[in-house]
Amino acid sequence: RTLNNFKNLRGTVDLLPDQLIKWQNVEKIILEQLFRASIKEIRTPILEMTELFMRGIGEGTDVVSKEMYTFLDRGERSCTLRPEGTASVARALIQNGLSNKPPQKLWYMGPMFRYERPQAGRQRQFHQLGVEFVGLDSLRSDVEIITLAWDILEKLGIKELNLEINTLGDNNDRLNFQKEFLKWLEANKKFLDLDSQKRIEKNPLRILDTKNVQTKKILEDAPRLFDFLSEKSLERYLNIKEQLKLLKIPYVENLNLVRGLDYYTHTAFEITSGSLGSQSTVCGGGRYDNLISQMGGIETPAIGFAIGLERLILLAGKDLDKKRETDIYIVNKGFQAEILALNLSRKLRNYDLVTELDLSGASFSKQFKKANKFKSKSIIVIGHNEALKNEFIIRLFNEESIENMEETISFEDVMKLDNWLDKNLLLKRSF
């Protein structure tokens with residue numbers, strides 16, 4: 001196989017510099033929002049023990065049974081590329097003795113891996129932002145995390161947002177419902193689609209989330225989890241809805257919303273966008289009070305959400321495609337001029353300036369054309385004569401104002417350079 005035949009694997013993509021402008025702009029807005037909300041970053045390994053996801057996510061889920069990238073390493077240990085982030089965060093907190101400490105508000109961002117059919121906004125290596133509130137059980141933490149997700153999406157200029165919410169009750173509510181639901185499923189098994197039939201044994205609640213139109217219609221007559229909620233669970237849910245109304249965050253109830261993973265309790269929510277077509281979910285989350293104890297930690301309440309960045313990039317506002325223009329382009333020619341230019345470019349990095357140093361050694365006219373192509377706001381020229389005098393010429397790259405805005409500055413005269421930059425580029429220095 002020659003090098004020319006190498007291609008990326010199906011479901012993975014190369015993100016090239018021009019595409020990454022939007023990614024970086026989106027990430028910057030997200031990180032600003034998280035920083036302002038006093039949420040701290042956590043980074044966990046991409047590779048984990050397979051058992052972590054089998055126990056944490058649930059063997060009966062599609063993720064574990066069909067979609068994980070799992071292999072034996074050289075020590076014959078079963079390893080898996082993480083398909084989601086919550087189980088890893090829970091493991092990190094338990095292992096490092098933090099799950100029983102004061103509440104943690106955490107975020108992570110990075111690649112996840114699922115063997116799915118690739119489509120718009122969904123790849124086999126995809127990127128996810130996750131936020132987890134660990135050690136908080138009040139319904140206000142549910143409201144805060146929903147609000148945080150909603151505000152991030154609004155801040156990114158995403159249109160046609162819809163919030164869907166549901167409650168899955170506590171463990172007792174679910175067990176009571178599941179008994180009745182299983183009886184109903186067995187009686188109606190022959191009317192369900194094949195996928196739903198297979199789920200009866202492993203993960204019956206997931207049948208409520210089916211996309212099969214015929215099964216959806218049959219489920220209209222099934223028992224409803226909502227009818228099995230205790231008074232306490234019901235009151236909790238009603239209070240959350242009341243607070244969302246007060247915050248003017250519109251929502252619709254979706255009593256079939258159960259989310260794809262086994263560890264959810266009480267609040268489950270999704271935020272969709274009408275701009276995305278059938279694959280409309282942008283954000284999904286919920287409360288998972290049992291996960292940490294299920295994984296060997298102590299009883300610890302928690303709630304979180306995850307946002308797929310690929311879908312976010314498809315939806316984010318058009319103005320986020322714009323890259324910041326070059327502030328200064330340094331034209332230079334001749335051995336001494338090139339050394340001075342390199343030194344000057346290092347100094348200019350102490351300013352909030354995008355500086356492009358021409359390394360081509362081409363003629364001045366070619367370098368000027370390049371500066372024009374870069375749409376540089378200003379230009380610095382260092383030729384043989386300037387190098388001999390230990391100075392440079394700086395001017396705005398706008399022919400009408402060349403005479404007014406051009407200055408010759410000595411390399412020693414930092415104050416004169418400061419004044420010119422303040423006056424013409426209005427940018428801050430970062431030292």
Side-chain angles (χ1 to χ4, degrees), residues 3-35 46 107-114 116 118-129 152-160 273 275-277 279 282-283 306-332 341-342 345-346 348-349 351-362 365-380 396-398 425-428 430:
L3 191 61
N4 294 342
N5 290 333
F6 284 133
K7 291 182 179 175
N8 59 306
L9 289 166
R10 184 165 185 250
T12 66
V13 294
D14 299 310
L15 293 171
L16 303 175
D18 282 351
Q19 293 166 288
L20 278 169
I21 291 161
K22 190 169 189 178
W23 279 77
Q24 288 159 352
N25 288 335
V26 164
E27 286 168 9
K28 188 180 175 196
I29 289 170
I30 291 170
L31 298 193
E32 279 171 358
Q33 289 290 101
L34 295 169
F35 178 75
I46 287 171
W107 68 267
Y108 58 85
M109 195 188 290
M112 311 286 164
F113 303 83
R114 292 188 193 181
E116 296 183 282
Q119 51 192 290
R122 177 174 282 180
Q123 301 296 334
R124 289 175 177 173
Q125 177 181 315
F126 60 100
H127 297 79
Q128 198 173 71
L129 161 74
I152 285 171
L153 297 173
E154 275 205 326
K155 199 84 176 167
L156 290 167
I158 295 173
K159 307 286 183 229
E160 298 178 57
S273 168
S275 311
L276 253 186
Q279 291 295 329
V282 193
C283 169
I307 294 177
L309 294 186
E310 277 77 3
R311 290 189 187 180
L312 213 51
I313 301 300
L314 287 176
L315 292 167
K318 286 273 188 290
D319 54 332
L320 292 171
D321 291 47
K322 291 176 187 165
K323 69 172 179 179
R324 188 171 150 187
E325 303 294 355
T326 305
D327 293 303
I328 298 181
Y329 193 98
I330 304 178
V331 171
N332 57 107
L342 184 56
S345 72
R346 291 175 72 200
L348 289 167
R349 287 175 195 149
Y351 296 77
D352 182 21
L353 294 166
V354 179
T355 306
E356 182 72 35
L357 171 63
D358 196 304
L359 298 170
S360 67
S365 62
K366 281 186 179 170
Q367 291 190 48
F368 279 121
K369 277 180 188 166
K370 231 187 216 179
N372 196 37
K373 197 177 169 186
F374 274 82
K375 296 181 180 168
S376 183
K377 293 175 193 166
S378 63
I379 195 161
I380 283 175
L396 286 177
F397 200 46
N398 173 339
L425 295 183
L426 305 172
L427 291 166
K428 297 171 189 166
S430 62

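Not measured: the values here are computed from a predicted model.
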For the CG atom of N25 and the CG atom of D319, what is their distance to the nearest 0.5 Å? 8.5 Å

Contact summary for I380 and I328, nearest pair of heavy atoms: CD1-CG2, 3.7 Å

Between OH of Y329 and CD of E356, what distance do you get to the nearest 0.5 Å? 5.5 Å

L129 and L312, any side-chain heavy atoms less than 4.5 Å apart: no

Could you pull out the closest heavy-atom pair between Q367 and V331, with the gap in Å? OE1-CA, 3.2 Å

Checking Q33 now: which residues fulfil side chain to side chain donor-acceptor pair (under 3.5 Å) with it, not counting sequence neighbours? R36

L425 side, atom CG; K377 side, atom NZ - distance, nearest 0.5 Å: 7.0 Å

In this structure, CG of L34 is separated from CD1 of I152 (nearest 0.5 Å) by 4.5 Å

Closest non-hydrogen atom pair, A316 against V26: CB-CG2, 3.8 Å

Parallel, tilted or perpendicular for H127 and W23, by the 30°/60° rule? perpendicular

So, do F374 and E325 sit near enough that their side-chain heavy atoms are less than 4.5 Å apart? no

Please round to the nearest 0.5 Å and tell me the distance separating atom CG of L309 and atom CE of M109. 5.5 Å

Once you round to the nearest 0.5 Å, how far does CZ of R349 lie from OG1 of T355? 7.5 Å

Is the shortest side-chain heavy-atom distance between I307 and L153 below 4.5 Å? yes

